[in-house]
Amino acid sequence: MDYRIEKDTLGEMKVPAEKYWGAQTQRSKQNFPIGEEKMPMEVIRAFAILKKSAAKANSELGLLDKQKADAIGYAADQIVEGNLDDHFPLVVWQTGSGTQSNMNVNEVIAYVGTEWLKEQGSDITLHPNDDVNKSQSSNDTYPTAMHIAFVLKLEDHVLPAVQALKKTMGEKVENFQEVVKIGRTHLQDATPLTLGQEISGWHRMLEKSETMISESIAYVRDLAIGGTAVGTGLNAHPDFSEAVTKAVVEETGKTFKSAPNKFHALTSHDDTVHVHGALKGLAADLMKIANDVRWLASGPRSGIGEITIPANEPGSSIMPGKVNPTQPEAVTMAATQVMGNDAAIGFAASQGNFELNVFKPVIAYNFLQSCQLLADTMLSFDERCVQGLEPDLEKIETYLRDSLMLVTALNPHIGYENAAKIAKKAFNDNSTLKEAAVELDLLTEDEFEKYVNPKEMTYPK
């Protein structure tokens, strides 16, 4: 392999000739051979947006040559467009401030921007610290990049996926509003409802999760940029933070604002804990929905089997013809991971010491993984399961007809204790409720038919 020599304050480093990073990135690559989890590209792209915005702000404030700002902007755009992904090799398990990933971005931008300037006929060179990182510290850029990445991921991926699944659920509510079935509580028979009503509970879960996530995003719109090393803004222009924030808003089309207290912004991630709590709430709801779907579809002959879902692939390597509820299973596993991520984020956020929390990469990694898993599983669950969900009307009617809990409709007419006698007799004799009621001389057949109407029980007057 061919190498070139790069230098930093610790000396010379051999860097692969075809790579655009510099000495500090190479040191991190060698010093942290820990795990396979790379710094999320969402963070890298958010860094690029930030570096372009910072260069623009520094130029407008008269602190950076416009040619240099343009070169930084060009290189940053290349990162955002995904053209330089191979030049960001660092793992999550590095310095807790994310300094080395900040420098990785600085070095790549400096290299690509300098090459671009050469193509323009300029002999100007970009320095990763003095130019690309001007007026900045890793301590304020990393949390800023985190928040940019979070807002983009939530608004462009998670919420659209919630809306897609919610739309399908809404259609199922409408389509199955008149399909009367038995309800279940405590895993036991309960009073009737319609399949549409049952699914409306799932629909409302998604509706509420969408609202809670949307409202919580406000807390990660604050940007730490301008705080520099400890929150005081040392080496940054007084107007730098507002100028960068304005540029980020223009670049992303999203809403952001300069954090009102930079000391808080560097050392606390309570905002991220709050937003991820809303994601955990979504995960909990998806766990419940997926479990309901696979229970209701269980069978085909020895389970509940009130609904059918698409058969996407063979379910067993030994049992011919077996088909499993694989999409709901994937949802439940993803939800489990999100709940684990929430614990990791909460613990990491509690570890801020003095002016800085140095658990930022693990917070960012887990948060973005949760977003990715939730969005992907919702879209897959929607397309490959929920859209094809249908009622088994014969099975639904059988369970409804045989249910003992229809006796609840008799409470207002013969009292709870007499109704209980009917249910117990029907169960012990393996007879119908009507047969038990007539045999106990508590009701006539006509009275029973009048009082026990499953459909009317789903829309009580």
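Below, each value reflects all heavy atoms present in this structure, side chains not excepted, and no hydrogens, waters or symmetry copies.
- Other residues, nucleotides and ligands place no more than 12 heavy atoms under 6.0 Å from the CD atom of Glu174.
- Checking Asp382 against Thr168 by side-chain atom types alone, a donor-acceptor pair falls below 3.5 Å.
- Between the side chain of Asp131 and the main chain of Ala69, no donor-acceptor pair closer than 3.5 Å is present.
- Without hydrogens or angle criteria, His147 side chain to Asp222 main chain gives a donor-acceptor distance under 3.5 Å.
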Apply side-chain contact (heavy atoms from CB on, under 4.5 Å) to residues Asn129 and Met103 and explain how you reach the verdict. CA-CA 8 Å; Asn129 296 84; Met103 285 308 304; 3.5 Å; yes

Criterion side-chain contact (heavy atoms from CB on, under 4.5 Å) on Lys280 and Ile345, from CA distance to verdict: CA-CA 11 Å; Lys280 183 175 71 169; Ile345 288 170; over 6 Å; no

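- Within a 6.0 Å sphere centred on CH2 of Trp295, other residues, nucleotides and ligands contribute 12 heavy atoms or fewer.
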Does the side-chain contact (heavy atoms from CB on, under 4.5 Å) test come out yes or no for Gln94 and Met39, once each step is laid out? CA-CA 9 Å; Gln94 53 166 279; Met39 187 63 63; 3.3 Å; yes

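- Taking every heavy atom of both residues into account, Val80 and Arg45 meet most closely at O-CD, 3.6 Å.
- Tyr74 and Trp116 have parallel rings, their planes meeting at less than 30° on a 0 to 90° scale where 60° marks the start of perpendicular.
- Not counting sequence neighbours, the partners of Glu207 by the salt bridge (charged side-chain N to carboxylate O under 4.0 Å, His left out) test are Arg204.
- Crowding of Lys246 atom NZ: a count of heavy atoms from other residues, nucleotides or ligands under 6.0 Å not exceeding 12.
- Checking each of Val331, Val338, Thr336 against Met287 for a side-chain contact (heavy atoms from CB on, under 4.5 Å) leaves exactly one that passes, namely Thr336.
- For the pair Phe176/Glu390, a side-chain contact is recorded, criterion being any heavy-atom separation below 4.5 Å from C-beta on.
- More than 12 heavy atoms of other residues, nucleotides or ligands sit less than 6.0 Å from atom CZ of Phe32.
- Atom CD of Glu394 has 12 or fewer neighbouring heavy atoms from other residues, nucleotides or ligands inside a 6.0 Å radius.
- Contact check on Lys19 versus Glu6 returns no salt bridge, with no Lys/Arg side-chain nitrogen under 4.0 Å from an Asp/Glu carboxylate oxygen.
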For a quick test of your reading: what N or O donor-acceptor pairs under 3.5 Å do the side chains of residues 317-324 make, sequence neighbours left out?
unit_1	atom_1	unit_2	atom_2	d
Lys322	NZ	Asn324	OD1	2.7
Asn324	ND2	Gly315	O	2.7

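- Looking only at side-chain heavy atoms (C-beta outward), Val275 and Phe150 stay at 4.5 Å or farther from each other.
- The shortest side-chain heavy-atom distance between Leu296 and Arg184 falls under the 4.5 Å cut-off.
- What you find for Val91 and Gly35 is that their closest heavy atoms are CG1-O, 4.0 Å.
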Does Glu115 form a salt bridge (Lys or Arg N to Asp or Glu O under 4.0 Å) with Lys118? I'd like the steps, not just the answer. CA-CA 5 Å; Glu115 293 299 306; Lys118 288 179 183 176; 3.3 Å; yes

Could you walk me through whether Thr245 and Ile225 pass the side-chain contact (heavy atoms from CB on, under 4.5 Å) test, one step at a time? CA-CA 8 Å; Thr245 302; Ile225 193 69; 4.2 Å; yes

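- Each of Ile124, Leu126, Ile72 was compared with Gln67 under the side-chain contact (heavy atoms from CB on, under 4.5 Å) criterion, and only Ile124 meets it.
- Of the possible polar contacts, one joining the Ser216 side chain to the Ile213 backbone as a donor-acceptor pair under 3.5 Å is found.
- More than 12 heavy atoms of other residues, nucleotides or ligands lie within 6.0 Å of CG in Asp239, so this atom counts as buried by the packing criterion.
- Across all their heavy atoms, Asp140 and Gly226 have their closest contact at OD2-N, 2.9 Å.
- Counted by atom type alone, Glu313 and Thr326 present one or more donor-acceptor pairs between their side chains at under 3.5 Å.
- Of all heavy-atom pairs between Asn357 and Ala348, the closest is ND2-O, 3.0 Å.
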Can you list the steps and then say if Lys56 with Glu251 is a salt bridge (Lys or Arg N to Asp or Glu O under 4.0 Å)? CA-CA 11 Å; Lys56 181 179 180 183; Glu251 195 68 23; over 6 Å; no

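- Looking only at side-chain heavy atoms (C-beta outward), Thr194 and Glu178 stay at 4.5 Å or farther from each other.
- Looking only at distances, a side-chain donor or acceptor of Ser370 sits under 3.5 Å from a matching main-chain atom of Asn366.
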Could you check Lys51 against Asn102 for side-chain hydrogen bond (donor to acceptor under 3.5 Å, both in side chains), going step by step and ending with a plain yes or no? CA-CA 10 Å; Lys51 297 300 177 178; Asn102 179 41; 2.8 Å; yes

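- Annotation: cation-pi pair Lys360/Tyr142 absent, no NZ/CZ under 6.0 Å from the ring centroid and within 45° of its normal.
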Step by step, work out the salt bridge (Lys or Arg N to Asp or Glu O under 4.0 Å) result for Lys52 and Asp77. CA-CA 8 Å; Lys52 180 178 181 180; Asp77 286 342; 2.9 Å; yes

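- The side-chain heavy atoms of Phe256 and Thr144, taken from C-beta on, include no pair separated by under 4.5 Å.
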Derivation of the side-chain hydrogen bond (donor to acceptor under 3.5 Å, both in side chains) call for Gln100 and Lys29: CA-CA 9 Å; Gln100 290 139 14; Lys29 192 171 184 299; over 6 Å; no

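- Residue Lys68 comes nearest to Thr125 through the heavy atom pair CE-O, 3.7 Å, listed as atom of the first residue, atom of the second, then distance.
- Heavy-atom contacts from other residues, nucleotides or ligands closer than 6.0 Å to CD of Gln30 number more than 12.
- In this structure, the separation between NZ on Lys181 and OH on Tyr399 is 10.5 Å, given to the nearest 0.5 Å.
- Although no hydrogens or angles enter the test, the distance criterion places no donor-acceptor pair under 3.5 Å between the side chain of Ser268 and the main chain of Ala265.
- Between Asn175 atom CG and Ile199 atom CD1 the span is 9.0 Å, to the nearest 0.5 Å.
- Here the closest non-hydrogen pair linking Met146 and Ala364 is CG-CB, 3.9 Å.
- Of the possible polar contacts, none joining the Asp285 side chain to the Leu206 backbone as a donor-acceptor pair under 3.5 Å is found.
- Shown here is Leu187, whose CG atom has no more than 12 heavy atoms of other residues, nucleotides or ligands within 6.0 Å.
- Between Phe47 and Asn106, every side-chain heavy-atom pair lies at or beyond the 4.5 Å cut-off.
- Taking the side chain as every heavy atom from C-beta outward, Val386 and Met378 never approach each other to under 4.5 Å.
- No donor-acceptor contact under 3.5 angstrom links the side chains of Glu107 and Gln24, judged on distance only.
- Contact of the Tyr20 side chain with the Ile109 side chain is not registered, since no non-hydrogen atoms from C-beta on lie closer than 4.5 Å.
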What's the verdict on salt bridge (Lys or Arg N to Asp or Glu O under 4.0 Å) for Glu155 and Arg221, showing C-alpha distance, side-chain angles and the deciding distance? CA-CA 12 Å; Glu155 292 191 341; Arg221 296 191 192 278; 2.6 Å; yes

Could you walk me through whether Ser135 and Asn58 pass side-chain hydrogen bond (donor to acceptor under 3.5 Å, both in side chains), step by step? CA-CA 8 Å; Ser135 308; Asn58 277 320; 2.9 Å; yes

